[in-house]
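Residue numbers begin at 1 in each chain, while the letters A, B, ... track the order of the sequences. FYI, side chains are in, hydrogens and waters are out, and symmetry mates aren't considered; it's all heavy atoms of this structure.
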Protein chains: 2
Amino acid sequence: MKKTVGVSPKLNSDLTAKARIRNAAFALYANYGEDATSMRAIAEAAGVTVGLVVHHFRTKDGLREAIEQHIVDLFFGAIEQVPLEGTTAEIAAARDEAVADMLSDNPAVVGYLRRALLDPMGHRGRILEMLTDLAAKQVATLRNVGVASKAHRDSSQVIGVMIRQLGQLFLQPMVDSMWNQLAGPNAAEDDKPLLVVKVQES
Amino acid sequence: MKKTVGVSPKLNSDLTAKARIRNAAFALYANYGEDATSMRAIAEAAGVTVGLVVHHFRTKDGLREAIEQHIVDLFFGAIEQVPLEGTTAEIAAARDEAVADMLSDNPAVVGYLRRALLDPMGHRGRILEMLTDLAAKQVATLRNVGVASKAHRDSSQVIGVMIRQLGQLFLQPMVDSMWNQLAGPNAAEDDKPLLVVKVQES
DNA sequence: ATCAACACTATACGACTGTATAGCAAAATA
DNA sequence: TATTTTGCTATACAGTCGTATAGTGTTGAT
């Protein structure tokens, strides 16, 4: 049984081969992890040969860099498009929502990040550093227009943004899995306990 | 540069070769992941040859089963040793503490579970199922002696126990990493924001 | 029309993977 | 003491890995 994973062929058929390869790799990495994904599997999923993957991205490291840059672009694009209007709290909320929308539009982002971030970090990709930088800039611009809430230190605020946006998504599959095992697969979905992840000023 | 990872040679030198192999694999899996760990690397870390690894565990799957059974034993041992005395709440608290102690004595457990549980779950090992069963029994025995708190449904309580005990450990490295990047490596350690993970009745 | 750049395929290479097999020495069993 | 079992090493095999190289056809500029 050969399964197509993640990307709709229809949506991808008019992309350049390079983008198709990146998307295929992205989806496979998110689902099975980079180690478990061979260049040949990526090539097949993208409908090309191994040689072309190498031609466009040189090495597997290069492929990962392209993917992680793509992820950063997605975050940036989501944040960028919300106008700087209203109170700081409103802007922050709108940004959180824009990111949440982007994440639900691109489930591979969540899958990839879940895998990448739980590594003893930095060993491989630099995606967390990049996203932390982005979140820091995000807080900085909020401080420029109007006055950012001084209730928290800057770095705490940055961490708060990231954890709020990602933490729940990482742990939710664990809760879902346990819920299925304990309550059975056809239990009332809305009885499922809600997961809360937050950071607290120490 | 060849580094020894996780296990103290002194503590392991008087173990059987089989246990040494399991421990070596356990530490390597926790640090680098199963995919990135070859049987030959395990053998070298345990001071034996590949053949012996196969002799004792047959396949790599067998090795993982042994490791996961070992993890379950560690959890069970921790819970088992707290006496059934005091109020239900006191017992529950004592159990949480015993588990916390076990986890800090065996950091590989946290590393291994972090990797195993955040995968699209069940694809490989059955460790989460086993631990959920254990937690369910844990709640059941509490219900037998005295009366368990009826404030929550059973399954919510089980999930609560697991998430409290593990959730924070999984996300903390992410917080630490961001904290280092933002505040610098030599910032006051106790300014670091505290991560809170909990489940809420819906 | 010519030539260079580009997108792409095909094949091959050495390294490494998990596992199978054969054999040796020590320990246990008889 | 003789024999089986056990713990262990050594070597080998077939497959897969990431990557290199050579070559084909197509596009675009001069």
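- B:Leu15 and B:Ala19 make their closest contact through CB-CB, 4.2 Å (heavy atoms, listed as atom of the first residue, atom of the second, distance).
- Checked against A:Asp35 for a salt bridge (Lys or Arg N to Asp or Glu O under 4.0 Å), the options A:Arg124, A:Arg115, A:Lys60 give a single hit: A:Arg124.
- Taking atom NZ of A:Lys18 as the reference point, atom C1' of C:dC6 lies 12 Å away to the nearest angstrom.
- To the nearest angstrom, C1' of C:dT17 lies 16 Å from CG of B:Leu28.
- Here D:dC8 presents its P atom at 11 Å from CZ of B:Phe57, a figure rounded to the nearest Å.
- Computed from coordinates, the B:His55 NE2 to D:dT6 P distance equals 8 Å when rounded to whole Å.
- Look at CD1 on B:Ile42: it is 12 Å from C1' on C:dT17, rounded to the nearest Å.
- When all heavy atoms are compared, the tightest approach of B:Ser156 to B:Val199 is O-CG2, 4.4 Å.
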task = Take nucleotides 14-24 of chain D nucleotide by nucleotide from the 5' end and write B, S or -, depending on whether a protein heavy atom sits under 4.0 Å from the base, only from the sugar-phosphate, or from neither.
result = ---BBB-----

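- When all heavy atoms are compared, the tightest approach of B:Phe75 to B:Leu131 is CD1-CD2, 3.7 Å.
- The distance from atom CZ of B:Arg64 to atom P of C:dG18 is 12 Å, rounded to the nearest whole Å.
- A:Tyr112 and A:Glu68 share a donor-acceptor pair across their side chains, judged by distance under 3.5 Å alone.
- What you find for B:Leu103 and B:Val109 is that their closest heavy atoms are CD2-CG1, 3.7 Å.
- Dashed line: the shortest gap from a side-chain N or O of A:His56 to OP1 or OP2 of C:dC6 is not under 4.0 Å.
- When rounded to the nearest whole Å, the span between CD of B:Glu44 and C1' of D:dT9 equals 15 Å.
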Between protein and nucleotides 26-28 of chain C, what N or O pairs are separated by less than 3.5 Å?
none

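- A distance of 13.5 Å separates CD in B:Glu129 from CG in B:Leu134, rounded to the nearest 0.5 Å.
- The minimum heavy-atom distance between B:Leu182 and A:Ala136, with the atom names listed, is CD2-CB, 4.2 Å.
- Looking at B:Thr141 and B:Arg95, their side chains do bring a donor and an acceptor atom within 3.5 Å of each other.
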